[in-house]
Amino acid sequence: VGPYVLITPNETRRKQLQQIAKKELDDLEQWKKEHKSGPITLVPQRLGGNESEAQVRQNQQMILMQSKYQRKQKREEYVKAKKAAEEAEILKKKAIQREKAERLEVKKRQEEMQRREMLLEDQKYKTNELLNRLDMGLPKSDSCQIANPGPESTAWKRSHAYKQALREDENRQLEEMKQEQQRKAELLEFKQKQEEETRTRALKNEQRSCLESLLIFYCTLRVNNAFLDRLQNKTQPNNIYHPGYTG
């Protein structure tokens, strides 16, 4: 710690400040006494409502039950809305993925069809080329039937049988493609029916849960009303021998 200078207090100045502060406090006390509020006089009047104690308690119980039910209902609605939003988001993502998969499947199918068409065209070209080569070795005139078929007629039969086999193969491939498209359409329709049944079942379950909640609230309200009625009969001595008193 460095050097410091000690200054002695001014006693005169301190006394003056103390006197000023004391005077201000005295003035404040005097002002409070002068502005003190007087006694309050009110006209006597009867307080209270027009309802009985049992009715007031019943109304309070009703308000409490309604507030609890409303809070529970709001909480359930919030949970359902949140769950519905999450399910909608999941369904949206699934729909996007399904759409991408379908587009990819369509693209693959188109590429496969193009490849098959190119392969068939190539086969047809080679077949026609082979048949043209075979036709060049056949006899020019067909006015009379050949009694002793030679190698040319055998080649013609082979070419004809080959053409027939190619035609049958093409028809079979087209039929298989049609059946595959029909199976995919039936599968898609079945999936759509399942989704619709699932949504309908979920809606019915939600309606059933709402009805059960309302039924529970109604039963609880009836029990509370019966309890309040019994309590009111016990608190009123004149109603002990009332026909509806159960003891």
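Not measured: the values here are computed from a predicted model.
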Straight-line distance of K68 NZ to Q70 CD, nearest 0.5 Å: 13.0 Å
R172, K178, Q179 screened by side chain to side chain donor-acceptor pair (under 3.5 Å) with E176, the one that passes: R172
Side chain to side chain contact (heavy atoms under 4.5 Å, CB included) assessment of K126 paired with Q123: CA-CA 5 Å; K126 290 182 179 180; Q123 288 179 356; 5.9 Å; no
Rounded distance [0.5 Å steps], CD in E77 versus NZ in K74: 9.0 Å
Flag if over 12 foreign heavy atoms under 6.0 Å of NZ, K80: yes
Residue pairs fulfilling side chain to side chain donor-acceptor pair (under 3.5 Å) with at least one residue in residues 15-25, sequence neighbours excluded: K23-D27
E196 vs T200 side-chain heavy atoms within contact, under 4.5 Å: yes
R103 vs E99, salt bridge (charged side-chain N to carboxylate O under 4.0 Å, His left out): CA-CA, chis, key distance, verdict: CA-CA 6 Å; R103 285 202 299 266; E99 187 178 357; 3.1 Å; yes
Side chain to side chain contact (heavy atoms under 4.5 Å, CB included) between Q60 and L64, intermediate numbers included: CA-CA 6 Å; Q60 289 178 352; L64 180 62; over 6 Å; no
Within 6.0 Å of CE in M65, more than 12 heavy atoms from elsewhere: yes
Partner of E112 by side chain to side chain contact (heavy atoms under 4.5 Å, CB included), out of K108, R115, R109: R115
Spacing of CD belonging to E105 relative to CD belonging to Q110, to within rounding of 0.5 Å: 11.0 Å
Pairwise distance CD(Q61) to CD(Q66) - rounded to 0.5 angstrom: 11.0 Å
Spatial distance of atom CD (E195) from atom NZ (K94) [nearest 0.5 Å]: 9.0 Å
Working for side chain to side chain contact (heavy atoms under 4.5 Å, CB included), residues K32 and L28: CA-CA 6 Å; K32 287 182 179 180; L28 179 61; 4.1 Å; yes
CZ (R13) with more than 12 external heavy atoms under 6.0 Å: no
Gap separating the CE atom of M177 from the CZ atom of R116, nearest 0.5 angstrom: 5.5 Å
Please tabulate, for side-chain N and O atoms in residues 201-228, each donor-acceptor pair with protein atoms closer than 3.5 Å (sequence neighbours left out).
| unit_1 | atom_1 | unit_2 | atom_2 | d |
| --- | --- | --- | --- | --- |
| N205 | OD1 | R208 | NH1 | 2.8 |
| N205 | ND2 | R201 | O | 3.1 |
| S209 | OG | N205 | O | 3.4 |
| S209 | OG | E206 | O | 2.6 |
| S213 | OG | S209 | O | 3.0 |
| T220 | OG1 | I216 | O | 2.7 |
| N224 | ND2 | T220 | O | 3.1 |
| N225 | OD1 | Q58 | NE2 | 3.1 |
| N225 | ND2 | L221 | O | 3.2 |

